Student: 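Sharing a structure here in structure tokens format.
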Protein chains: 2
Amino acid sequence: MNWKELFPQFEAGLINAIEKEAVQRSFNAGDVLMRTGQYIKSTALVLEGRVKIYRENQEGGEFLMYYLGPGQACAVSMICALQSHTSEIMAVAEEDSEVLMIPVQLMDDMMNKYKTWYQFVIQTYRNRFDEILSVVDNIAFRNMDERLEFYLKRYVEKTGKKSVEISHQQIADDLNSSREVISRLLKKMEQRNLVKLHRNMIELVQ
Amino acid sequence: MNWKELFPQFEAGLINAIEKEAVQRSFNAGDVLMRTGQYIKSTALVLEGRVKIYRENQEGGEFLMYYLGPGQACAVSMICALQSHTSEIMAVAEEDSEVLMIPVQLMDDMMNKYKTWYQFVIQTYRNRFDEILSVVDNIAFRNMDERLEFYLKRYVEKTGKKSVEISHQQIADDLNSSREVISRLLKKMEQRNLVKLHRNMIELVQ
DNA sequence: ATTACGCTGTGATTTCTGTCACATTGTAAA
DNA sequence: TTTACAATGTGACAGAAATCACAGCGTAAT
């Protein structure tokens, strides 16, 4: 597939610049793109697959922020890139993924030269900011049952699948909860006829 | 006081543009600068005082995101401004405040024309993003006692005072908790000799 | 088929937090 | 001073969620 189709708004000069300077890399499911505390050398544009962005703390806890799909970019890497800061988040490929890596040094120049890049960056900021705001809403105002429903809904939206093919343990990790709690809440959802439970798979009803 | 001293990095042309087009407004403590769901007509630069940015939900819950002090700007209003979106947050003056309001229509032009404005906006994004990340860390990974300590610490950092001059109820609101819980945790902190409690005032011991 | 292991179900218990009820105290207004 | 009210202290209880313990069940490897 041609990556340009994912970014039809990009102007010709920008496309040339990216083609000349950016590197396309493949990641296997589970590969780490970016680690907490690491220096950021490039901004990542996702072309294929799915990349999970999450926060990590010292005690080994995790917390899912959001997913990046084809056509999306990591706002954190843009912001950090512009100031050669270290990363505050983890980025891991959830599926086998293709990612376009744009070296930091180009960012500033591209922002000035290419209006469509500038707009893309601004748009990315806004979208990620919004996602984080809804994440904050969820943990600040909602109980685990509602957070779980939100999580499942977001998962199917993001993947396009109609079932969530992961284990209860993984969900617990993403929500910084525990496996038993998630299992019990899922059972309750099944009783309310919202989901059907299978091994490694949660089917959303309707 | 001259507002330009707060933004020594701004170039001459930018200062002229702001002086010609922006409006300086005064807000009393408690005044609402921006309301959830409202259309954003301008970007706010805080010159004096302190503005509280928080999230609100339907059931009347609140949740403090961060404060803006002199020289700081609201990232949300910038992002929204650039796309004439509605606000997702509440902004309220905590103290009597002076704020420079820059009409949205100018934002795009200023971003292109003035390099120092562009850098200021990027810097603002990064700072607010970082603040939200540490907020997420706190609610995702920490119990209320640690969140309270973080809250008090941030308060004294932001105000420059060495004591927190607000009621337990207000703290509870900011943390989306309840007054009794905060009172009890503060008592425990007092027993650990971290604070001294007074009426409407919490003195930090160090 | 047998084994091993990861996934899921479920009870019991504990901790943290929110809620209700009510007492006490400090401060400002009458 | 007396009154009124807001702020704080505290016990009792309820509910959400974490933790521990262990049983049953699928599936993949042998």
Side-chain angles (χ1 to χ4, degrees), chain A residues 29-30 57-64 136-152 155 163-204, chain B residues 29-30 57-64 135 137-152 155 163-204:
Chain A
N57 77 342
Q58 297 81 348
E59 290 95 51
E62 292 181 17
F63 187 84
L64 173 67
V136 168
D137 274 5
N138 272 284
I139 40 179
F141 298 129
R142 304 296 170 197
N143 286 343
M144 196 55 79
D145 54 349
E146 291 183 288
R147 289 175 53 197
L148 178 57
E149 288 187 44
F150 178 81
Y151 175 91
L152 297 174
Y155 188 98
S163 59
V164 178
E165 293 174 12
I166 54 184
S167 70
H168 299 181
Q169 183 63 62
Q170 284 172 282
I171 299 176
D173 289 344
D174 286 344
L175 294 172
N176 191 46
S177 176
S178 70
R179 202 264 314 160
E180 296 92 322
V181 171
I182 300 301
S183 287
R184 271 191 270 263
L185 291 175
L186 283 170
K187 261 285 164 249
K188 280 187 198 165
M189 287 181 72
E190 191 173 44
Q191 284 156 14
R192 289 197 292 147
N193 210 37
L194 298 173
V195 296
K196 280 180 191 155
L197 301 182
H198 311 273
R199 188 187 177 83
N200 272 321
M201 199 261 271
I202 298 158
E203 190 184 339
L204 293 229
Chain B
N57 76 344
Q58 298 80 348
E59 290 94 54
E62 292 182 16
F63 186 86
L64 173 66
V135 163
D137 274 7
N138 273 283
I139 40 179
F141 298 129
R142 305 294 170 198
N143 286 343
M144 196 56 79
D145 54 349
E146 291 184 288
R147 290 176 53 199
L148 178 57
E149 287 187 43
F150 177 83
Y151 175 91
L152 297 174
Y155 188 98
S163 59
V164 178
E165 293 175 12
I166 53 185
S167 71
H168 300 182
Q169 183 63 63
Q170 284 172 283
I171 298 176
D173 290 344
D174 286 343
L175 294 173
N176 192 45
S177 177
S178 71
R179 202 264 314 159
E180 296 91 323
V181 171
I182 300 301
S183 287
R184 271 191 271 264
L185 291 175
L186 283 170
K187 262 282 165 254
K188 280 186 197 165
M189 287 181 71
E190 189 173 45
Q191 283 155 15
R192 290 196 292 146
N193 210 36
L194 297 174
V195 297
K196 280 180 190 155
L197 301 182
H198 311 270
R199 188 186 177 82
N200 271 321
M201 197 262 272
I202 299 159
E203 190 183 340
L204 292 231

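Reminder, nothing fancy here: chain letters follow the sequence lines and each chain counts from 1. Because the structure is a prediction, the values reported are computed rather than measured.
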Student: May I have the distance from A/R147 (atom CZ) to D/dA17 (atom C1'), rounded to whole angstrom?
Tutor: 11 Å

Student: With a 3.5 Å cut-off and just heavy-atom distances, do the side chain of B/R179 and the base of D/dG9 make a donor-acceptor pair?
Tutor: yes

Student: From C-beta outward on B/R184, which listed nucleotide comes closest to its side chain: D/dA18, C/dC7, D/dT10?
Tutor: D/dT10

Student: Could you tell me whether A/R142 and A/E149 have a side-chain N and a carboxylate O separated by less than 4.0 Å?
Tutor: no

Student: In terms of side-chain heavy atoms of B/V181, which of D/dG9, C/dT19, D/dT19 is nearest?
Tutor: C/dT19

Student: Answer yes if the side chains of A/Q169 and A/D173 hold a donor-acceptor pair under 3.5 Å, and no otherwise.
Tutor: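 Yes, A/D173 and A/Q169 have a side-chain donor paired with an acceptor closer than 3.5 Å.
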
Student: Quick check: does any side chain N or O of B/D174 sit under 3.5 Å from a backbone N or O of B/L64, one acting as donor and the other as acceptor?
Tutor: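 No, the answer is negative, given that no donor and acceptor are paired below the 3.5 Å cut-off.
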
Student: Between A/E203 and A/V195, is any pair of side-chain heavy atoms under 4.5 Å apart?
Tutor: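 Answer no - side chains too far apart.
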
Student: Round to a whole Å and report the spacing from NE2 of B/H198 to C1' of C/dT27.
Tutor: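 These atoms are roughly 16 Å apart.
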
Student: How is A/S167 classified with respect to the nucleic acid when contacts are heavy atoms under 4.0 Å: base, sugar-phosphate, or nothing?
Tutor: sugar-phosphate

Student: Please determine whether a side-chain nitrogen or oxygen atom of B/S177 lies at a distance below 4.0 Å from atom OP1 or OP2 of C/dG18.
Tutor: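 Yes, within the criterion.
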
Student: Taking only side-chain N and O atoms of B/H168, does any of them lie within less than 4.0 angstrom of OP1 or OP2 on D/dT8?
Tutor: yes

Student: Give the rounded distance in Å between these two atoms: CG of A/L185 and C1' of C/dT10.
Tutor: 14 Å

Student: Both A/E180 and A/R199 contact DNA chain D. Taking the nearest nucleotide for each, which residue is further toward the 5' end?
Tutor: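 So the residue in question is A/E180.
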
Student: Mind calculating the distance between CG (A/N200) and P (D/dA28) to the nearest angstrom?
Tutor: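 In whole Å, D/dA28 P lies 10 Å from A/N200 CG.
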
Student: Output the rounded distance in Å from CG (A/D145) to P (D/dG15).
Tutor: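 Distance check: A/D145 CG to D/dG15 P gives 14 Å.
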
Student: Let me know the distance between NZ of B/K188 and P of C/dC16, rounded to the nearest Å.
Tutor: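 It works out to 7 Å between those atoms.
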
Student: Looking at C/dG18, C/dC7, D/dT19, which one has an atom nearest to any side-chain atom of A/S178?
Tutor: D/dT19

Student: Rounded to the nearest angstrom, tell me the gap between atom CD1 in A/I182 and atom P in C/dC7.
Tutor: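 Those two atoms, CD1 and P, are 15 Å apart.
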
Student: To the nearest Å, give me how far apart CD1 (B/I171) and P (C/dG18) are.
Tutor: 14 Å

Student: So, do B/L175 and B/I182 sit near enough that their side-chain heavy atoms are less than 4.5 Å apart?
Tutor: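 They are in contact (side-chain heavy atoms under 4.5 Å apart), so the answer is yes.
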
